[in-house]
Amino acid sequence: THFGFQTVDETEKSKKVHQVFKNVADSYDAMNDVMSCGVHRLWKDELMKTLDPSPRTRLLDVAGGTGDIAFRYLKYISDMEGDGHVTIADINSSMLEEGKKRALNLKLNQDSVSWVECDAENLPMESDSYSAYTIAFGIRNVTHIDKALDEAYRVLEPGGRFLCLEFSQVNPAALRWLYDQYSFNVIPVMGHVVAGQWKPYQYLVESIRKFPSQEDFKYMIESAGFRCVTYSNLTFGVVAIHSGFKL
Ligand code: SAM
C-alpha cells in the first residue's frame with residue numbers, strides 16, 4: 001500500500017482490533033469476570049506470583065489496557081519498602097482512559113503509574129530500560145507477533161524477564177471439545193446479552209483459535225533471542241504463562 005507493506009488482511013486486523021477494544025472499553029472489566037467466572041483474576045495473580053517483583057522492578061506492562069497487571073504489581077509490592085513504578089503501554093486510548101479512572105477510584109499514587117499510548121510493535125521506550133516486560137491477553141491481538149517480541153527484547157535490560165499470559169491450547173482433546181462448545185456457542189451470546197455486543201466477542205473466540213500452540217509460541221520467543229524459555233499451563237491450558245530472559 002501507499003503507507004507501507006501491510007497486506008489488506010493485516011490492515012484489516014489492526015483496524016478490527018482497534019474497533020473491538022474501543023467498543024468494549026467501558027464493559028471490559030465486568031465482561032472479563034462474567035466470561036471467565038472470575039478466573040481471569042487467578043490467572044493474573046499467578047502471573048504476578050511468577051514475576052515475584054520488588055519495588056526495584058522496573059515493569060513495562062504492554063497491552064496493559066485498564067491496568068489489571070499494573071495494579072497487581074503495585075499491590076504486590078505495597079508491603080515492601082520502596083515505591084516502585086510501572087508503565088502501562090496500550091494502543092487504545094479508550095482502554096487507557098478506563099484504566100486511569102480505575103486508578104483514581106483505587107486512590108493509587110498517580111506518580112507510580114505512567115500511561116503510554118503506543119503500539120507493541122514499535123515501542124517509544126529506550127533500549128535496555130526495563131527489568132521486566134509483561135503482556136497479558138495482548139499479544140494475540142498484535143498484527144506481527146515477531147515484531148512485538150523483538151521490541152520486548154530490545155527494551156529489556158540484560159537479565160530482564162519477559163512474561164506473557166495468553167489463551168492457549170487446551171489438553172486433553174475431550175476437554176478441548178467442551179471448551180470449544182463453550183467458547184463458540186456461549187461467549188458471543190453472553191457478549192450480546194450482557195454487553196449488548198456480539199462481534200467483539202466473536203472476534204475474541206476467533207483470535208484465541210488462531211493463536212499458536214504453547215510449543216510454537218515458545219519457539220517464537222526463542223527466535224526473538226530470549227533464553228531459558230519455559231511455559232506453564234493453567235486450567236488445562238486454557239491459558240499459559242510463557243517466560244524468557246534476555247541474557
Ligand atoms: N492486559 C489487559 C488485561 O489483561 O486485562 C488488557 C488485555 S485486552 C484483552 C487486550 C489489549 O491489547 C487491549 O487493551 C488492546 O487495546 C491492546 N492492544 C491490541 N493491539 C495492540 C498493540 N499492537 N499494541 C499495544 N496494545 C495493543
Side-chain angles (χ1 to χ4, degrees), residues 4 6 10-36 38-48 50-51 59-73 86-103 113-125 132-152 154-155 162-168 183 187 191 195 197 200-208 210-211 234 238-242:
Q6 279 199 316
E10 287 169 345
T11 314
E12 283 306 311
K13 173 165 176 171
S14 55
K15 272 198 211 151
K16 191 172 176 178
V17 167
H18 199 269
Q19 199 54 43
V20 162
F21 288 104
K22 188 167 182 279
N23 290 347
V24 301
D26 57 350
S27 57
Y28 176 78
D29 295 307
M31 281 307 287
N32 269 349
D33 278 330
V34 172
M35 286 179 313
S36 73
V39 179
H40 76 106
R41 291 170 183 255
L42 304 179
W43 295 331
K44 289 169 179 169
D45 287 346
E46 193 57 37
L47 178 74
M48 205 39 62
T50 309
L51 178 62
L59 175 63
L60 173 64
D61 182 44
V62 175
T66 57
D68 261 6
I69 302 303
F71 300 163
R72 270 176 178 70
Y73 159 76
V86 54
T87 303
I88 301 179
D90 199 287
I91 205 166
N92 198 308
S93 58
S94 312
M95 292 293 279
L96 291 174
E97 287 311 315
E98 283 303 314
K100 288 178 194 169
K101 281 187 218 158
R102 285 179 78 197
V113 192
S114 306
W115 308 84
V116 183
E117 188 182 332
C118 62
D119 188 341
E121 293 182 26
N122 189 12
L123 296 172
M125 290 82 192
Y133 172 115
T134 50
I135 183 162
F137 303 115
I139 204 148
R140 72 170 193 286
N141 298 299
V142 165
T143 311
H144 304 100
I145 295 175
D146 53 344
K147 282 192 191 163
L149 291 173
D150 287 347
E151 279 293 84
R154 182 183 66 76
V155 299
F162 167 86
L163 279 174
C164 174
L165 172 66
E166 190 50 90
F167 289 107
S168 207
S183 39
I187 287 186
Q197 303 195 57
Y201 294 93
Q202 193 181 22
Y203 162 77
L204 169 76
V205 178
E206 285 166 6
S207 65
I208 293 171
K210 285 183 190 153
F211 194 69
L234 307 181
V238 171
V239 301
I241 295 177
H242 281 75

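Just so you know, ligand 1 is whichever comes first in the structure, and atom 1 is the first atom listed for that ligand. Here the structure is a predicted model, which is why all the values come from computation and not from measurement.
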How long is the straight-line distance from CG of N32 back to CG of D68, given to the nearest 0.5 Å?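 Here the interatomic distance stands at 7.0 Å.
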
Please tabulate, for the side chains in residues 113-120, all donor-acceptor contacts under 3.5 angstrom to protein atoms that are two or more places apart in sequence or on a different chain.
from	atom 1	to	atom 2	distance (Å)
S114	OG	H85	NE2	2.9
D119	OD1	E121	N	2.9

Verify the distance criterion only: is there a donor paired with an acceptor across the side chains of K44 and H40 at less than 3.5 Å?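 K44 vs H40: donor-acceptor pair found between side chains.
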
Is the shortest side-chain heavy-atom distance between V24 and Y203 below 4.5 Å?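 No - every pair of side-chain heavy atoms lies 4.5 Å or more apart.
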
For ligand 1, give me the residues whose heavy-atom distance to it is below 4.0 Å, by chain and number please.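 Within the 4.0 Å shell of ligand 1, which is judged on heavy atoms, sit V17, F21, Y28, K44, A63, G64, G65, D90, I91, N92, M95, C118, D119, A120, A136, F137, N141, V142.
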
Counting only heavy atoms not in K147 (residues, nucleotides, ligands), do more than 12 fall under 6.0 Å from its NZ?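 Not more than 12 within 6.0 Å, no.
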
Students often mix this up, so state it plainly: with edges at 30° and 60°, are the rings of F167 and W43 parallel, tilted or perpendicular?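 Aromatic pair F167/W43 classed perpendicular.
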
